[in-house]
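I have placed the structure first, in the form of structure tokens, so that the comments after it can refer back to it.
Position 1 is the first residue of the sequence; numbering continues from there.
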Amino acid sequence: QQLENDSSLIVTYNIIGDYFLLKGSWAVALEYLFKGIQLAEQTSSNGFLCSMYLDASHVYSRGLENNVNALKYGRKAQALLGDKRLSHTNLPVQVFAAVARIFVRTNELDSALYYAQRANGALIGLKDDYQYLNVLVTFARTYDLMKDEALAETYYKKVILIADSLNFQ
């Protein structure tokens, strides 16, 4: 019963943290995510912990433009990917793609490409069009910054073709 209550509280903190992340209230998002992280660490809830580390990484990266902390929490999420229960989810794709985007922002393009490739590999067996497009955009942006216009254009065109076929609105 206590584990069920803890899990419900962890999910609640995660949802509230995500809500404030989407609203751009970065400090409040981190406050709730860290409450959830603390509880998830105590209960060894690796799935929740990975997700909240990833969300904290997003807050630091996109909202606070603190790539050091973004990478710190991205790496914490990555360290949990050894849990076999997570290998059949889209968390590995999300984690590797997030780390790749951090390296794009810091202009460490070889590392960005490496993690984009890891994200792409983690897509095998998953049917997740959103994550697939996310990975393709990461490749496109990386090659764009590497001044490889031909490869960048190839990836951008692939993104447009797939997005158009899915009727995203």
Test item: [X] and [Y] side chains (from C-beta on) under 4.5 Å apart, heavy atoms:
X: Asn120; Y: Phe139; value: yes
X: Arg118; Y: Val95; value: no
X: Leu126; Y: Tyr132; value: no

For residues [X] and [Y], report the shortest heavy-atom separation together with the two atoms involved.
X: Ser165; Y: Ile162; answer: OG-O, 2.7 Å
X: Asn67; Y: Ile102; answer: O-CG2, 4.1 Å
X: Cys50; Y: Ala77; answer: SG-O, 3.6 Å
X: Leu86; Y: Asn46; answer: CD1-O, 4.0 Å
X: Ile10; Y: Ala40; answer: CD1-CA, 3.6 Å
X: Thr142; Y: Leu109; answer: CG2-O, 3.7 Å

Which residues pass the side-chain contact (heavy atoms from CB on, under 4.5 Å) test with [X], sequence neighbours left out?
X: Ile15; value: Val11
X: Val159; value: Leu133, Leu136, Val137
X: Asn134; value: Ala97, Arg101, Gln131, Thr138

Original post:
Cluster question for you: counting only ILVMFWY and a side-chain heavy-atom cut-off of under 4.5 Å, with indirect links fine, are Tyr143 and Leu161 together?
Top reply: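 Looking at the clustering, Leu161 is in a separate group from Tyr143.
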Original post:
Shared ILVMFWY cluster between Val135 and Ile160, side chains joined below 4.5 angstrom?
Top reply: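 Different clusters: Val135 never reaches Ile160 through Ile, Leu, Val, Met, Phe, Trp or Tyr contacts under 4.5 Å.
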**OP:** Only pairs at least two apart or in different chains count here, so list each ring pair (Phe, Tyr, Trp, His ring centres under 6.0 Å) that has a residue in residues 76-119.
**Re:**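 Checked against ring pair (Phe, Tyr, Trp, His ring centres under 6.0 Å) - neighbours excluded - the pairs reaching residues 76-119 are Phe103-Tyr115.
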Not counting sequence neighbours, list each pair that qualifies as a salt bridge (charged side-chain N to carboxylate O under 4.0 Å, His left out) and has a residue in [range].
range: residues 66-80; result: none
range: residues 7-18; result: none
range: residues 132-146; result: Arg141-Asp144

Subject >> Partners meeting salt bridge (charged side-chain N to carboxylate O under 4.0 Å, His left out) with Lys147 (sequence neighbours left out) >> reply: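 Result, salt bridge (charged side-chain N to carboxylate O under 4.0 Å, His left out) vs Lys147: none returned.
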**OP:** Could you tell me which residues satisfy salt bridge (charged side-chain N to carboxylate O under 4.0 Å, His left out) with Asp83, sequence neighbours excluded, listed by chain and number?
**Re:** Arg85
**OP:** Would you sort out whether Val93 and Asp128 count as a side chain to side chain contact (heavy atoms under 4.5 Å, CB included), showing the intermediate values?
**Re:** CA-CA 10 Å; Val93 178; Asp128 190 329; over 6 Å; no
Original post:
Under 3.5 Å, side chain of Ser45 to main-chain N/O of Gly47, donor-acceptor pair present?
Top reply: no
**OP:** Apply side chain to side chain contact (heavy atoms under 4.5 Å, CB included) to the pair Asn69 and Leu64, showing each step before the final yes or no.
**Re:** CA-CA 9 Å; Asn69 278 341; Leu64 300 175; over 6 Å; no
Using a 3.5 Å cut-off and no angle test, enumerate the donor-acceptor pairs between side-chain atoms of residues 51-60 and protein atoms at least two apart in sequence or in another chain.
residue	atom	partner	partner atom	Å
Ser51	OG	Asn14	OD1	3.4
Tyr53	OH	Glu41	OE2	2.7
Asp55	OD2	Asn14	ND2	2.9
Ser57	OG	Ala70	O	2.8

Identify each donor-acceptor pair in which a side-chain atom of residues 149-157 lies under 3.5 Å from a protein atom, sequence neighbours left out, and give them as a table.
residue	atom	partner	partner atom	Å
Glu153	OE2	Lys157	NZ	2.8
Thr154	OG1	Ala150	O	2.8

Subject >> Interatomic distance, Thr43 atom OG1 to Asp6 atom CG [nearest 0.5 angstrom] >> reply: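 Spacing of OG1 (Thr43) from CG (Asp6) equals 6.0 Å.
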Ignoring hydrogens and angles, write down the donor-acceptor pairs under 3.5 Å from the side chains of residues 20-39, residues two or more places apart or on other chains.
residue	atom	partner	partner atom	Å
Trp26	NE1	Gly24	O	3.3

